[in-house]
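Everything quoted here is computed from the prediction, not taken from an experiment. Chain letters run A, B, ... following the sequence lines, proteins first, then strands; residues in each count from 1.
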There are 2 protein chains.
Amino acid sequence: MDKFKDCVIFLLAKAYQKAHGTFKKRLTGYGLTPIQHLILEVLWDEDGLSARTISERLVLDPATLSGVLERMVSGGWIFKHPDPEDKRTLRICLSDKGVSLKPKLTTERDQANQECLDGLTMEEKVLLKRLLRDVSYTK
Amino acid sequence: MDKFKDCVIFLLAKAYQKAHGTFKKRLTGYGLTPIQHLILEVLWDEDGLSARTISERLVLDPATLSGVLERMVSGGWIFKHPDPEDKRTLRICLSDKGVSLKPKLTTERDQANQECLDGLTMEEKVLLKRLLRDVSYTK
DNA sequence: TATAAATCCTTCGTATGCCAACTAATTGGA
DNA sequence: TCCAATTAGTTGGCATACGAAGGATTTATA
């Protein structure tokens with residue numbers, strides 16, 4: 001692995017792999033995946049968004065989102081309501097389950113985040129997040 | 001996205017997404033993917049490794065690797081040689097194509113890495129890589 | 001030495017993830 | 001107003017990813 005210590009693409013892949021795996025394990029008991037959790041977070045912030053808007057907020061391909069939303073409907077987390085104003089648009093709405101599990105799921109996310117940053121000092125944590133934002137948002 | 005500015009899992013996912021996409025674009029002309037390129041790098045370092053060893057060096061599930069290797073055989077990048085000493089083991093060997101494209105592909109990787117870190121100062125680049133290693137390798 | 005345990009790889013199932021192409025619906029412009 | 005361009009979402013194709021289970025082989029042990 002030393003071979004890749006300067007390859008930021010590899011390092012990002014592995015750090016992401018680790019973080020994703022950590023969160024995934026915490027969520028299995030809920031029948032939820034990390035990406036599905038992320039969608040819930042967007043909806044907790046603002047319910048009834050269109051699929052398009054969710055895909056923009058999460059920087060996720062609409063084609064990817066389509067399948068995820070379908071599985072979340074099957075899992076009883078959300079509903080799809082056709083928009084009466086614009087028949088092309090779907091309004092994605094939280095189910096009772098999706099609303100009521102917010103506190104527990106938010107805790108899981110916070111703990112997973114802490115777990116991922118376990119070995120870092122407070123300054124390093126802040127710095128890492130800043131640098132990751134820079135990498136993501138550049139151009 | 002502001003909503004996720006403190007969620008390192010999200011930030012890692014998006015930074016990885018960006019880096020992966022950047023590298024992927026550079027490789028499409030070669031008919032190669034980022035993960036396949038990574039496997040070539042391991043083999044450039046030491047040819048004839050077993051699939052098991054490759055999966056360990058890249059921290060990649062053997063089940064995932066199996067399919068990737070098969071596609072790399074189809075693409076003419078590698079060969080699979082059964083090990084005469086141990087019939088369970090496959091020795092993965094570079095093809096002429098896999099060997100001869102090393103210089104060009106290495107350049108592409110280097111440029112992709114630079115591109116990903118474009119907005120950062122030299123200090124930040126070093127720091128980011130160090131922090132990512134810490135995140136990955138912390139048990 | 002016969003059998004249990006471990007190892008190597010593959011296959012299956014499920015879930016991202018993206019691109020390209022497609023349908024349906026809406027909007028814009030001549 | 002009518003048709004072209006745009007927009008929303010889905011589908012199909014391909015490529016990771018991982019867990020679980022299975023087949024073939026090798027090793028360890030009773």
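Straight-line distance from the CH2 atom of B:Trp77 to the P atom of D:dA15: 14 Å, rounded to whole Å. Look at NZ on A:Lys24: it is 8 Å from C1' on C:dA15, rounded to the nearest Å. In this structure, NZ of B:Lys14 is placed 12 Å from P of C:dT16, rounded to the nearest angstrom. Across the protein-nucleic acid pair, B:His20 atom NE2 and C:dC18 atom C1' stand 10 Å apart, rounded to whole Å. With rounding to whole Å, B:Glu85 atom CD is found 15 Å from C:dC8 atom P. Going from atom CD1 of B:Ile39 over to atom C1' of D:dA17 covers 12 Å, rounded to whole Å. B:Glu56 has its CD atom 17 Å from the C1' atom of D:dC18, to the nearest Å. Protein atom CZ of B:Phe23 is 17 Å distant from nucleotide atom C1' of C:dC18, rounded to whole Å.
You'll find the side chain of A:Ile39 reaches within 4.5 Å of the side chain of A:Leu43, heavy atoms only. No side-chain heavy atom of A:Leu128 sits under 4.5 Å from any side-chain heavy atom of B:Asp134.
Rounded to the nearest 0.5 angstrom, A:Leu11 CG and B:Ser136 OG are separated by 6.5 Å.
Checked options A:Leu49, A:Asp83, A:Asp47, A:Thr53; the residue passing with A:Arg91 is A:Asp83 (criterion: side-chain contact (heavy atoms from CB on, under 4.5 Å)).
By the 4.0 Å N-to-carboxylate-O rule, B:Lys104 lies too far from B:Glu108 to be salt-bridged with it.
DNA chain D is contacted by A:Ser66 of residues 65-75 of chain A, taking any non-hydrogen atom closer than 4.0 Å.
Between A:Trp44 and A:His37, the ring planes are perpendicular. Angles over 60° get that label, and only those under 30° would be called parallel.
Between the side chain of A:Arg133 and the backbone N or O of B:Lys5 there is at least one donor-acceptor pair closer than 3.5 Å.
For A:Lys80 and D:dT10, the shortest distance from a side-chain N or O to OP1 or OP2 is below 4.0 Å. Taking 4.0 angstrom as the limit, A:Gln17 places a side-chain polar atom (N or O) nearer than this to OP1 or OP2 of D:dC18. For the pair A:Tyr16 and D:dT16, the criterion of a side-chain N or O lying under 4.0 Å from OP1 or OP2 is not met.
Nucleic acid contact for A:Thr33: sugar-phosphate only, since backbone atoms but no base atoms lie under 4.0 Å from a heavy atom of the residue. Across all strands shown, A:Ala51 has heavy atoms under 4.0 Å from sugar-phosphate atoms exclusively, and none from any base. A:Lys25 comes within 4.0 angstrom of nothing in the nucleic acid, heavy atoms only.
Here the nucleotide nearest the side chain of A:Asp61, chosen from C:dC18, C:dT10, D:dC18, is C:dC18. Closest contact between the side chain of A:Lys87 and the listed nucleotides D:dT10, C:dT26, C:dC19 involves C:dT26. Taking only side-chain atoms of A:Ile35, from C-beta outward, the nucleotide of C:dG17, D:dA8, C:dC18 with the closest atom is C:dG17.
Mapping A:Asp86 and A:Ala63 onto DNA chain C via the closest heavy atom, the residue that lands nearer the 5' end is A:Ala63.
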Dump every N/O contact between nucleotides 1-7 of chain D and the protein below 3.5 Å, one line per pair.
unit_1, atom_1, unit_2, atom_2, d
D:dT7, O2, A:Arg88, NH1, 2.7

>> Using salt bridge (charged side-chain N to carboxylate O under 4.0 Å, His left out), reason through A:Glu115 and A:Lys25 one step at a time and then give a plain yes or no.
In response: CA-CA 12 Å; A:Glu115 196 175 332; A:Lys25 279 197 192 78; over 6 Å; no
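Considering all non-hydrogen atoms of both residues, A:Ala51 and A:Ile92 come closest at N-CG1, 4.1 Å.
Legend: side chain to side chain donor-acceptor pair (under 3.5 Å) pairs involving residues 60-80 of chain B, not counting sequence neighbours, sorted by first then second residue: B:Glu70-B:Lys80.
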